[in-house]
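Chain A is the first sequence line, chain B the second, and so forth, proteins listed ahead of strands; every chain is numbered from 1. All values reported here derive from a predicted model rather than from experimental measurement.
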There are 2 protein chains.
Amino acid sequence: MRISELSRTSGVSVPTLKYYLREGLLPPGAPTAVNQAEYSEGHLRRLRLIGILTDIGGLSLRAVGDVLDAIDDDSLTTHQMLGVAHHALGPRDTDDEEPTADVTAARADVDRFLRGRGWRVSPQAPARRSLAQALVTLRRMGRDIDDAVLDRYADVADRLAAQELSRVTGSRSRIAAIESLVVGTVVFEAVLVALRRLAQEHHSARRLSPRTRDGGLVVDK
Amino acid sequence: MRISELSRTSGVSVPTLKYYLREGLLPPGAPTAVNQAEYSEGHLRRLRLIGILTDIGGLSLRAVGDVLDAIDDDSLTTHQMLGVAHHALGPRDTDDEEPTADVTAARADVDRFLRGRGWRVSPQAPARRSLAQALVTLRRMGRDIDDAVLDRYADVADRLAAQELSRVTGSRSRIAAIESLVVGTVVFEAVLVALRRLAQEHHSARRLSPRTRDGGLVVDK
DNA sequence: GCAATTGGATAGTAGCACTATCTTTTATCG
DNA sequence: CGATAAAAGATAGTGCTACTATCCAATTGC
């Protein structure tokens with residue numbers, strides 16, 4: 001398959017394919033001449049993966065590149081691979097500023113919570129920081145979260161994760177397993193977030209719609 | 001309070017404040033002279049809200065502007081306001097292409113599912129489309145989701161949403177309620193996503209790398 | 001009185017994800 | 001065999017977002 005056919009079957013324009021090639025997101029095709037190369041089914045599959053990661057997962061091309069590199073690195077275990085994917089999915093810019101006192105405290109809370117749950121999680125996991133940051137925000141807004149609530153959320157997360165992982169372990173080839181894991185992470189997350197918003201809207205309609213507004217406070221604009 | 005003090009207490013640089021003022025994200029201060037204006041506590045609160053929406057929620061400034069406009073629009077009910085927030089949180093660019101057959105089918109599935117659950121959700125809710133898109137992706141990858149699984153996810157989402165909404169209804173002023181709702185939507189979502197990843201990593205460690213005792217994962221990003 | 005600050009305006013920047021154009025070489029069809 | 005289309009590779013340009021930088025005249029605070 002040459003580039004124009006790859007473009008046609010993948011729906012990605014030729015210039016964009018060349019761009020992906022330049023950026024190393026797509027491995028070069030097998031050269032058949034100085035200016036001719038052959039692309040395979042694998043290129044097509046990779047393109048599909050890139051599409052899922054960017055469109056559904058909302059990853060930047062740089063993050064996609066990190067995930068792809070990890071997939072291609074045979075020295076990594078599948079578990080390490082997932083860590084890389086989580087890393088890529090994490091907050092785009094890691095601000096390396098000095099954390100404030102409440103952030104430090106929240107991180108300690110998170111660590112304590114994870115230990116309490118017996119969850120084995122890498123100390124570098126970006127989700128640790130995300131969680132701490134969210135907790136700080138809640139606290140600053142005066143809506144401090146009690147451990148019972150956090151535990152309820154964690155129970156939910158635990159059950160979902162266990163179920164998903166059980167599908168992946170007995171999987172085919174390494175690359176298929178990895179892709180399935182990454183895609184599952186991203187896509188099931190999208191499913192959960194979408195359902196949560198749908199549920200929220202439903203409850204909001206039940207609770208808030210029949211009534212009129214409560215305050216009528218004038219905003220200083 | 002003048003602009004430099006607003007900058008100092010909010011941590012946002014003066015040029016950026018001016019930019020927000022220009023873009024209408026921040027209402028102008030009360031002018032005290034031709035080139036002097038007074039900023040209030042309300043400006044500080046709004047800046048905090050902007051920060052949460054962009055940093056935690058990952059919203060673009062344009063989306064933040066939409067949410068802010070909705071907050072300031074007294075003719076909207078709190079429920080409608082939430083709809084706007086959901087809209088802003090939805091996928092950035094709504095591609096208005098002709099949906100393929102499987103996408104149309106998935107949308108119908110989603111509608112049927114919502115009816116079956118008795119969820120009252122606006123037909124325009126972006127989460128409908130997100131969910132359908134995710135379902136299509138899963139289907140294309142040969143990991144079709146059965147209704148039992150979807151129901152389990154939905155149960156989870158339902159419980160979480162009900163719990164969050166119950167906190168908001170008995171709230172103070174309209175603006176406080178709205179901010180609490182928006183922030184809750186965004187921040188609790190971050191909490192859930194973070195916990196889900198943490199749980200996933202834990203299960204991944206248990207299943208895929210039983211020998212590592214620390215979560216020992218070295219990633220150079 | 002005068003340096004520092006302010007509001008307002010305009011222009012510039014960095015990063016991202018492409019998109020366009022050009023050159024040289026090769027394939028392919030009549 | 002030759003005309004035409006397509007290929008690889010390189011360089012430059014585009015549109016968008018979220019800021020920064022610089023200027024200027026008016027004003028404030030010591």
Would the distance check show the side chain of B:E201 and the main-chain N or O of A:S122 forming a donor-acceptor pair, the cut-off being under 3.5 Å?
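The answer is yes, because a donor-acceptor pair under 3.5 Å joins these two groups.
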Backbone N/O of A:T32 and side chain of A:E38: donor-acceptor pair under 3.5 Å
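It does not hold such a pair.
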Quiz item: A:N35 side-chain donor-acceptor pair to D:dA8 base, under 3.5 Å
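Donor-acceptor pair under 3.5 Å: no.
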Give the rounded distance in Å between these two atoms: [atom1] of [X] and [atom2] of [N].
X	N	atom1	atom2	value
B:Q36	D:dA25	CD	P	17 Å
A:E23	D:dA10	CD	P	13 Å
A:L21	C:dC18	CG	C1'	14 Å
B:I3	C:dT5	CD1	P	13 Å
A:L26	C:dC18	CG	C1'	15 Å
B:E38	D:dT27	CD	C1'	15 Å
B:L17	C:dG8	CG	C1'	14 Å
A:R2	D:dA7	CZ	P	5 Å

Scoring nucleotides 12-22 of chain D by protein non-hydrogen atoms under 4.0 Å (B base, S sugar-phosphate only, - none) yields ------BBB--
Do B:H87 and B:Q124 get their side chains close enough for a donor-acceptor pair, meaning under 3.5 Å?
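No - no donor-acceptor pair under 3.5 Å links their side chains.
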Assess, by modelled atom type and distance only, whether the side chains of B:R48 and B:S10 contain a donor and an acceptor separated by less than 3.5 Å.
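No pair is found: no donor N or O on one side chain lies under 3.5 Å from an acceptor on the other.
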Worked verdict on A:S4 versus A:S7 for side chain to side chain donor-acceptor pair (under 3.5 Å):
CA-CA 5 Å; A:S4 59; A:S7 169; over 6 Å; no
Taking the side chain of A:V34 as heavy atoms from C-beta outward, which of D:dA25, C:dT26, D:dA8 is closest to it?
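Given the options D:dA25, C:dT26, D:dA8, the side chain of A:V34 is closest to C:dT26.
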Once the angle between the rings of B:F113 and B:W119 is folded into 0 to 90°, is it parallel (under 30°), tilted (30 to 60°) or perpendicular (over 60°)?
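Ring orientation of B:F113 relative to B:W119: perpendicular.
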